[in-house]
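Please read the structure below before turning to the comments.
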Number of protein chains: 2
Amino acid sequence: MTTSAGPRPDEPEPAGVPDGPGVPDGPDGPDVADLSAALERAASWLRRALRNPEWNAVALSTLDELDRGGPRRVTELAVLERTSQPGMTGILARLAAAGLVRRDPDPSDGRATLITVTPAGREHIAARHAERARFLADRIGSLPDDDRRALLGATRALAALAAPEEEEALS
Amino acid sequence: MTTSAGPRPDEPEPAGVPDGPGVPDGPDGPDVADLSAALERAASWLRRALRNPEWNAVALSTLDELDRGGPRRVTELAVLERTSQPGMTGILARLAAAGLVRRDPDPSDGRATLITVTPAGREHIAARHAERARFLADRIGSLPDDDRRALLGATRALAALAAPEEEEALS
DNA sequence: CTCGATTCCATCACTGCTTTATATAAGTTG
DNA sequence: CAACTTATATAAAGCAGTGATGGAATCGAG
């Protein structure tokens, strides 16, 4: 697909935006608002770059969560993923139909269902992570060394953003 | 909302995962695979924590792009957001109906429509960014100083992930 | 200048997913 | 034991995305 980008009306350069990725440095370096915008852009980039026609973000995140946290109930997963219970029921039905998760009765509560990731599910996750890592490695390869180092240095902190909130959602 | 988390079957602790956010350090610190996983989790967290019932991710990202890059055509935006043209037509119709964007004929091509963000759209964006920044500030406030510093230090690099790819999508 | 090819995007038909509402079974509590 | 709560499947409705299609505008070769 080619697109003919027509001439656009002149837009004045937004004040205070230097050349570069568009993150202005405040008096003491980037502040939280800058970080927030940057995270948002990075997340948006991830969403676009690695769109998966088969499984949407919630399904994949659910699979990841099961892989990481072990078997969970339908309602737990709905809470974790901030989606409705019937919606989660649907997602899990699809994942189960694809052989990526297993549905077992919960031995401690006759009403409940335990969802467990299958070996095929684990393989799917691993393959996806590997693909993503390759893609990111390639992308990072074209960044300056400083940026690469800063990203790698923030790895733990990025993961930490999500960690306690995942616990809160269960209480 | 309370959820009764039933007892789960014992899951063996995955080998090599220390206490903490779950990011193992390799021989030379986190590698790209770790970073990839951490980015994925952070993005997933952002999606869940700040879900917006009114505007989905593509709509908001489109609005941001218009704010940042100036007026664009429907097809350009569809390419940028990796979505179909009729889908983007729908998104823009909704955004226009809400007064957040304006649709004008492109003076240089009678077939084309130029989409411009409105003042109300800019306000909406600003409010959303402010909310996100507040939320992130609160979240970061409970992280160790090291993590906070690492995140702020990676601000520029996070934004840089998205930057050239946005340019490529237009060629 | 003409006309075929291409571009731009609205519209349509269809599909799939999410939500709220509801029903049924299992579990809890006084 | 009855009333209430919990767990989740199911149904109905709504919404948004996709591929296909078609009309209008533009481009470029002859």
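Naming convention: chains lettered A, B, ... in sequence-line order (proteins, then strands); numbering from 1 in each chain.
Residues forming a side-chain hydrogen bond (donor to acceptor under 3.5 Å, both in side chains) with A:D145 (at least two apart in sequence, or on another chain): A:R148.
Contact annotation: the side chain of A:L161 never approaches that of B:L46 to less than 4.5 Å [non-hydrogen atoms, C-beta and beyond]. Between A:D147 and A:I140, every side-chain heavy-atom pair lies at or beyond the 4.5 Å cut-off. B:L114 is not listed as a side-chain neighbour of B:R72, based on a closest heavy-atom distance of 4.5 Å or more. The shortest distance between side-chain heavy atoms of B:T62 and B:E65 does not fall below 4.5 Å.
Applying the 4.0 Å criterion to OP1 and OP2 of C:dC9, one finds that B:T89 has every side-chain N and O outside that range. Using a 4.0 Å cut-off, no side-chain N or O of B:T75 falls inside it from OP1 or OP2 of C:dT7. Considering only side-chain N and O atoms, A:R94 lies under 4.0 angstrom from the phosphate OP1 or OP2 of C:dT18. OP1 or OP2 of C:dA10 has at least one side-chain nitrogen or oxygen of B:R103 nearer than 4.0 Å.
In terms of heavy atoms, B:L35 sits closest to A:L151 at CD1-O, 3.4 Å.
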Please tabulate, for the side chains in residues 125-137 of chain B, all donor-acceptor contacts under 3.5 angstrom to protein atoms that are two or more places apart in sequence or on a different chain.
{"from": "B:R128", "atom 1": "NH2", "to": "A:E40", "atom 2": "OE2", "distance (Å)": "2.2"}
{"from": "B:R132", "atom 1": "NH1", "to": "A:E40", "atom 2": "OE1", "distance (Å)": "3.3"}

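When only modelled atom types and interatomic distance are considered, A:S44 and A:R47 share a side-chain donor-acceptor pair under 3.5 Å.
For residues 51-60 of chain A, there are no side chain to side chain donor-acceptor pair (under 3.5 Å) pairs, not counting sequence neighbours.
For DNA chain D, no neighbouring residue in residues 56-64 of chain A is found when judged by any heavy atom under 4.0 Å.
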Restricting to nitrogen or oxygen on both sides, can you table the protein-nucleotides 24-28 of chain D pairs closer than 3.5 Å?
{"from": "D:dA25", "atom 1": "O3'", "to": "B:G110", "atom 2": "N", "distance (Å)": "3.3"}
{"from": "D:dA25", "atom 1": "N3", "to": "B:R111", "atom 2": "NH1", "distance (Å)": "3.2"}
{"from": "D:dT26", "atom 1": "OP1", "to": "B:G110", "atom 2": "N", "distance (Å)": "2.4"}

Would you tabulate the nitrogen or oxygen pairs shorter than 3.5 Å linking the protein to nucleotides 19-21 of chain C?
{"from": "C:dT19", "atom 1": "OP2", "to": "A:T83", "atom 2": "OG1", "distance (Å)": "3.1"}
{"from": "C:dT19", "atom 1": "OP2", "to": "A:S84", "atom 2": "N", "distance (Å)": "3.1"}
{"from": "C:dT19", "atom 1": "OP2", "to": "A:S84", "atom 2": "OG", "distance (Å)": "2.4"}

